[in-house]
Each structure stands twice: as C-alpha cells, then as structure tokens.
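As structure tokens, the structure follows; a few thoughts come after it.
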Amino acid sequence: MAADRRSKADTLALRQRLISSSCRLFFPEDPVKIVRAQGQYMYDEQGAEYIDCINNVAHVGHCHPVVVRAAHEQNQVLNTNSRYLHDNIVDYAQRLSETLPEPLCVFYFLNSGAYHGHLSSLIDISPYKFRNLDGQKEWVHVAPLPDTYRGPYREDHPNPAVAYANEVKRVVSSAQEKGRKIAAFFAESLPSVGGQIIPPAGYFSQVAEHIHKAGGVFVADEIQVGFGRVGKHFWAFQLQGKDFVPDIVTMGKSIGNGHPVACVATTQPVARAFEATGVEYFNTFGGSPVSCAVGLAVLNVLEKEQLQAHATSVGSFLMELLRQQKIKHPIVGDVRGVGLFIGVDLIKDEATRTPATEEAAYLVSRLKENYVLLSTDGPGRNILKFKPPMCFSLDNARQVVAKLDAILTDMEEKVQSCQTLRLQL
C-alpha cells in the first residue's frame with residue numbers, strides 16, 4: 001500500500017493537519033512511527049525493533065496469533081449485537097465468573113472503557129483531570145492516595161492501612177455533615193496514573209466497611225491491572241485479602257488484547273437495583289460474538305501459556321534488578337510493584353523526595369533512542385512505569401535495566417563534570 005511507503009515526515013505532517021492536537025503523541029519532539037508489532041516488540045518504518053515496556057493493552061502480546069485467528073474466524077460467520085441469543089456471550093461470562101469471587105456473577109459488556117477524558121461525569125470524579133479544569137464538584141469527595149512512600153502515612157507508620165482507611169471515614173463524615181449521601185467509592189485496585197501505587201494490605205476491606213455503612217458501593221477498577229498482571233492473583237483487588245469482595249469491578253484494555261472490549265461485573269443485589277429502574281442497558285458492540293470470541297481467546301492464551309505465573313517470575317526478577325539500581329543510583333528513590341506492574345520513583349534528594357520530573361523525561365527520551373519504550377506517570381510525572389505485555393522475558397528485563405543503568409551513570413557523570421567545572425571557575 002502507498003501509505004506503507006509514506007515517509008515519517010509526511011505522516012507527521014498529515015497528522016498535524018488532519019488530527020486534533022488534543023490527540024497527543026508519545027515523544028512529541030521526535031515521535032516514533034510504528035508499522036507492526038509482535039509479542040513484546042514494536043517495529044518502526046525502518047525496521048528497528050523496540051522493546052515495549054508500557055503497552056498493557058496488548059496483554060498477551062501484540063498480534064497474538066490465537067487472538068487474531070479467533071476474531072477472524074468468528075467475523076467470517078457472524079458479528080451482530082447482543083439482542084440475539086448466541087453462545088459466545090454466555091460462554092465468556094461463565095469463564096469470567098470462574099476467575100472472580102462467587103458474589104460477582106452478573107456481567108454487562110461494553111465495547112470500550114468510558115475513559116475519564118471523554119465524559120464530563122467521569123472527568124468530574126477523576127482528580128488528575130478536574131484539577132486542571134474547573135475544579136472539584138461539591139458532590140465529589142477525594143480521599144488521600146494510600147501512598148506509603150510520599151503520602152501522609154509512610155513506610156515507617158505502624159499501620160498505614162488503618163490510617164488511610166480512617167481518612168476515608170473522615171471524608172465520608174465530612175460529606176454527611178454537609179447533608180450529602182455517599183453513592184460509591186471508586187479506586188483503581190493499584191493506582192497507576194497516581195504513580196504505580198501499591199495500597200497497604202487490608203486498606204480496601206476497611207474502606208469498604210466505611211462506605212457500606214454510609215450506604216455506598218465499592219467500585220474496583222481493574223482496567224490496567226487485571227487479568228493476571230499482578231502474578232499472585234488473577235485480579236489485583238485480591239491482593240487485599242480473600243475476604244475483600246468489591247461490589248462492582250470494571251475491566252477493559254487488556255481484556256481484548258487490543259480489540260475494543262470492556263466489561264462490568266457486579267453482584268445480584270446491585271444488578272437487581274439497576275433493573276428496578278426499568279432502564280434497559282444496551283451497547284451496540286458490547287458482547288458481540290466477535291468481541292466475546294476475542295475475550296475467550298485471551299483467557300485461553302493466559303491459561304495455556306501460564307502467563308500469570310510468568311508475570312510473577314519475570315516481575316520478581318525485574319524488581320530485583322531495579323532494586324540494585326536503587327542502591328547504585330541516588331536518583332532512584334523507590335522501587336515498588338507486584339508482578340508486571342512496577343514503578344520506579346525518581347527523586348531529586350532523599351530527604352524531601354522531591355520528584356525528579358525533568359530527569360525522568362530525559363531518561364525516557366534516552367531510552368527511546370536506545371530502542372526501549374517506557375513512559376512516566378504520577379502527579380509529578382517522575383515515576384517510570386513498567387506495564388509490558390505479559391510475554392516480557394527475563395532477557396528483556398536484563399536488556400532494559402542494563403540500558404537504564406548506562407543512561408543513569410552517564411547522567412551522573414555529566415552532573416559531576418559540571419560541578420567540577422564550577423569549582424574550577
């Protein structure tokens with residue numbers, strides 16, 4: 001195709017002319033033109049191979065043949081909406097139910113996650129969005145992020161789970177004193193945009209107790225961290241203990257390995273309450289035969305290739321390599337994570353833990369030049385986030401950390417050289 005032969009410069013010029021600037025690019029100063037991908041690798045128009053450390057959407061690997069084949073074969077037979085009886089939607093719901101605690105047994109299928117950047121109702125409950133726009137609505141109440149590295153209750157606190165849960169209790173009480181009721185508590189099971197945070201064990205159970213007492217429900221967002229990514233469990237909320245069960249679980253991104261699929265799982269009481277309103281739920285593409293075939297294929301690959309166990313072994317190995325970098329490089333303030341969900345917190349100094357924002361951006365840019373795709377997150381944009389496809393290997397971990405080490409060493413040598421020059425002057 002002619003488009004395949006278009007130069008990177010021509011593609012960029014067309015994009016700038018035809019696509020809104022609100023649709024941002026990675027590495028805007030020098031974007032990467034990706035033309036194909038396989039497994040944990042992406043390839044540019046020159047054929048250069050990049051290790052993908054951030055694409056959690058391609059959960060079982062870019063263009064996995066089993067997933068691609070499932071979509072193609074079903075599309076040749078039938079693709080329609082969920083108002084017709086079809087085995088795929090019930091087979092898929094049943095398979096998902098087998099991965100969840102028994103109370104989560106009712107499913108609603110969507111064609112995509114309702115991303116917090118698209119709907120005003122979701123922007124309104126997303127602090128990292130509304131803080132840059134019109135501010136916080138009076139009906140929204142924000143609890144402190146359960147961050148034990150830079151939050152109010154840190155690693156030296158005797159019981160951070162209780163302390164952070166009590167903050168939620170305080171927020172609930174404050175809202176009630178103003179005459180407001182509590183509808184729901186929304187949380188990523190592992191906050192990613194918040195900075196790759198690992199909430200202390202037991203936090204969710206205590207929060208749920210406060211929320212339920214106030215008449216609300218607990219919504220666990222598994223869109224970035226579900227489907228075995230954490231290794232120890234299939235769902236990240238299960239890290240909080242076997243006794244904790246959310247009232248609602250949201251799923252997306254990795255659920256379809258790049259195909260637009262999303263799902264909400266809930267309990268019978270919550271589903272019955274919605275049904276009692278008399279409002280029909282319908283999504284034109286949600287639960288289609290093709291989407292459900294893709295979802296089933298992803299589950300099959302996860303099981304056959306033992307990718308959940310793989311996430312545990314490779315993630316533990318990568319964490320250890322990164323902890324060695326923390327010992328070697330003062331800029332690495334914290335390494336935290338579980339499975340293949342890992343954050344590296346870069347700081348300017350150990351005492352204040354000031355985010356090393358500029359240094360993080362420079363490091364990510366240099367890694368891209370070394371054919372490693374990584375990005376930053378967190379309020380200070382200083383957290384290196386690792387959320388690679390689940391087929392990311394031990395050898396990939398070695399390669400990436402070796403390049404990270406070399407760049408950090410070079411950065412330190414340049415700083416030292418500048419300091420020596422100033423002393424001489």
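Positions are given from 1, in the same order as the sequence printed here.
For the atom pair CG of Leu346 and OG1 of Thr354, the computed distance is 13.0 Å after rounding to the nearest 0.5 Å. Note: Ile331 CD1 to Leu408 CG = 6.5 Å, rounded to the nearest 0.5 Å.
Gln176 has its side chain within reach of Val172: a pair of non-hydrogen atoms, C-beta onward, lies under 4.5 Å apart. A 4.5 Å side-chain heavy-atom check between Phe227 and Ile255 finds at least one atom pair inside the cut-off. Side-chain contact between His210 and Glu167 is absent, with no heavy-atom pair separated by less than 4.5 Å. Side chains of Ser291 and His259 form a contact here, defined as non-hydrogen atoms less than 4.5 Å apart. In this structure the side chain of Ile125 never reaches within 4.5 angstrom of the side chain of Lys137, judged on heavy atoms. Side-chain contact between Asn81 and Phe282 is present, with at least one heavy-atom pair separated by less than 4.5 Å. Here the side chains of Ile347 and Arg150 are in contact, with some heavy-atom distance below 4.5 Å.
By the neighbour-count criterion of 12 heavy atoms within 6.0 Å, atom CZ of Phe285 is sparsely surrounded, having that number or fewer from other residues, nucleotides or ligands. Other residues, nucleotides and ligands contribute at most 12 non-hydrogen atoms within 6.0 Å of the CD atom of Glu102. Atom NE2 of His72 is surrounded by 12 or fewer heavy atoms from other residues, nucleotides or ligands within 6.0 Å. More than 12 heavy atoms of other residues, nucleotides or ligands shown are found within 6.0 angstrom of NZ on Lys328.
Residues Tyr41 and Tyr50 keep their aromatic ring centres 6.0 Å or farther apart. Aromatic rings of Phe109 and Tyr92 (six-membered ring for Trp) have centroids within the 6.0 Å cut-off, being under it.
The pair Arg229-Glu222 fails the salt-bridge criterion, with no side-chain N (NZ, NE, NH1 or NH2) lying under 4.0 Å from an Asp/Glu carboxylate O. Residues Asp30 and Lys8 are paired through a salt bridge, judged by an N-O separation under 4.0 Å between the basic side chain and the carboxylate. Between Lys414 and Asp410 a salt bridge is recorded (basic side-chain N to carboxylate O distance below 4.0 Å).
Side chain of His212 to backbone of Ala208: a donor-acceptor contact under 3.5 angstrom is found. With hydrogens and angles ignored, the 3.5 Å screen pairs no side-chain donor or acceptor of Ser189 with any backbone N or O of Ala220. Side chain of Gln196 to backbone of Ile342: a donor-acceptor contact under 3.5 angstrom is found. Under a 3.5 Å cut-off, the side chain of Asn370 and the backbone N or O of Val372 do not form any donor-acceptor pair. The closest donor-acceptor contact from the side chain of Gln240 to the backbone of Phe204 lies under 3.5 Å. Side-chain atoms of Gln40 come within 3.5 Å of backbone N or O of Cys391 as a donor-acceptor pair.
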Apply side-chain hydrogen bond (donor to acceptor under 3.5 Å, both in side chains) to Ser254 and Asn56, showing your working. CA-CA 6 Å; Ser254 56; Asn56 57 323; over 6 Å; no
Worked check of side-chain contact (heavy atoms from CB on, under 4.5 Å) between Ile383 and Arg336: CA-CA 10 Å; Ile383 315 298; Arg336 52 183 177 261; 3.4 Å; yes
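Side-chain polar atoms of Ser393 and Asn396 form a donor-acceptor pair below 3.5 angstrom. Defined by atom type and a distance below 3.5 Å, a donor-acceptor pair is present between the side-chain atoms of Trp235 and Thr99. A side-chain N or O of Ser288 and one of Asn79 form a donor-acceptor pair less than 3.5 Å apart.
Legend: side-chain hydrogen bond (donor to acceptor under 3.5 Å, both in side chains) pairs involving residues 303-313, not counting sequence neighbours, sorted by first then second residue: His64-Glu305.
Using cut-offs of 30° and 60° on the angle between ring planes, the pair Phe274 and Tyr108 is perpendicular.
In this structure, the salt bridge (charged side-chain N to carboxylate O under 4.0 Å, His left out) partners of Glu138, at least two apart in sequence or on a different chain, are Arg180.
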